[in-house]
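Residue numbers begin at 1 in each chain, while the letters A, B, ... track the order of the sequences.
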Amino acid sequence: MKLKFGIIVLCLFLVGCSNSKPTISPLTVTPEKRAFTDDLGRTVSVPTEIKRIVSLAPSATEMVYAVGAGDRLVGVTTFCNYPEQALEVAKVGDTMTPNMETIVALKPDVVLVSTASQIENFTKTLEQNGIAVYVMNPTHTADVLKSIKSIGDILGTVASANRVADELERRQAAIRSALGGMPESGPMQFDDGRIRLFVQISREPLFTIGKGSFLSQVVAAAGGISVTADVPTAYPKISKETALSLRPNAIILSDSEDNREPNEVFANSPAVKNGRVLRVNADILSRPGPRLIDAMEQIARFLHPDKFR
Amino acid sequence: MLGAERLPLLSLSPEQASILYDIRLPRVFLAACVGASLAVAGAGLQSLLRNPLAEPYLLGVSNGAALGTLLAFWMFSMFEFARPIMAFAGAGLATIAVYRMAKSRAGMNVERLVLSGVIVTTFLSSVIVMLTTLLDAAKLRSFTFWLLGDLSQATSGGVYLSFGAAIVATVLIASQARALNLMMIGERDAADFGVEVSRVRFIVFGGASLAVGASVAASGSVGYVGLIVPHVIRMIVGSDNRLVVPFSAIAGAIFVVLADTIARTTIAPRELPVGAITALIGAPLFIWLLRKN
């Protein structure tokens, strides 16, 4: 009997908790809103004036700072370590498992999400709490520029966002002109100047970039061609036999403690024999944010030092 | 010998020779050692504990080894030899824990053993999940892949070690085959026939821990081998452990080599985790065996 009573009380308590939340939102004054279409094609209604932002992706955090709205960030992930000010902002968990209660308690006007964070599942919870969720899914450097402009539009910093995007575009154009019209897509032609390279994401087990990764395109825009560009999925585990037989002329390492050196299977590859190995900061390489152009510049200079004198 | 890259039968180029001798053969050999070790451990534990469900994976022995490896991975990553030693220690401790929990004053019954195995397995899994959450993302990726069983990290050192462990474990457990035959009737009856029960137990637990520790350190948790292989062998050669133990070693080696060939080739140049393949084959096979008996 006692147990039954306890369960009933517990149930009432739980119901009471879950009921109390939605009653708040109708009471608040509905602010003026604008509609945006995000990268998933959803129409998102966002308050015109945004004072509180939560970012659930390091790339989104970097974009918000880049367009000059970093002081309005009230929540970021534990992965958000750039720029340095982001370290001071309240943490809402990591990209994969953000804490919904913390986010709701921060009362953000908008939550910025990257599909890389697989957070689409949570958008429902947030939207039920009257919080707008804007999803970005940049799959190419052009998308990064587009995302920066949309963020500027949403956050009301159009001018500075355009300035940042234009500057990044100018730097990309500078790389392009330095490379002198090297093809950026299609199969390798005989001596078209591009360099066959392998991007090593993890040394052991051996992970690389595939068809679905934006890095295949970054590499292509930097005068290289990824030897695994046709492998399905974005970050496949690749057979060591295949990796050995690909004989890349250059290797790019996503720099981390376990990934400082090329895997042993490359010992006899032209890349290792000629010392053509570049370490790129893993954060810069893995985030489709404003610093992706930095990665592109580093790779282009590494592959074609003669063209950047 | 199938693989991701097609190789000619004769006149290999230096590069093709490197693929064959430096990558493919060590991996096939490691698969054989791991398969033999796990199957022998399963055969020994099943007879010793008089329980058809006794298997390194189900009893928590694999998870003990996995936790040991994870700790070595985390704290002593600079020492390559720390992994197999810690894996062996983890496997041994898990075996002792399960055995102590399962043994009551009245002896050991099937339910208690399985229950103890489940408790130890789930407890160790949660510790592993806790630790992987604390590790940073780059290490996490290699570790979670490795947990599912991954033979791609076959280094020559690891292969020799697994080979040594497989041989020693098979010899140790096979040397107790006659005693194990008697113990299958009952520990007390075996003692009446002059079997030193505690000595047999020590040797078989030690051999199984060595086998599981070495194979988990080299390739992660490859499930179902220790369960399915001895059962199939018993259906063919009967329950005499003098036959079951060596034949399990051979059949286990063949099973894992075949499973790894599937893992290496079906979606080449990408790879599947071999543990997923052994489970995919093993689970339905086990259900079929259960229904048949």
Problem - Atom group of A:Arg203 that falls short of 4.5 Å from chain B, counting heavy atoms - result: neither
Exercise for the section: Just give me the residue among B:Leu272, B:Ile267, B:Ile23, B:Asp22 that pairs up with chain A most often, heavy atom to heavy atom, under 4.5 Å. Expected result: B:Ile23
Practice task
For A:Thr102 and A:Pro98, indicate whether the former's side chain and the latter's backbone hold a donor-acceptor pair under 3.5 Å.
Solution key: no
Practice task
Verify whether one side chain among B:Asn63 and B:Ser125 offers a donor that lies under 3.5 Å from an acceptor in the other.
Solution key: yes
Completion exercise
Pair count under 4.5 Å, heavy atoms only, with chain B: among A:Glu264, A:Arg247, A:Lys237, highest is A:Lys237
Problem - Exercise: do A:Gln200 and A:Asn263 side chains pair donor with acceptor under 3.5 Å - result: no
Fill in the blank from the handout: Taken in chain and number order and not counting sequence neighbours, the residues that satisfy ring pair (Phe, Tyr, Trp, His ring centres under 6.0 Å) with A:Phe214 are none
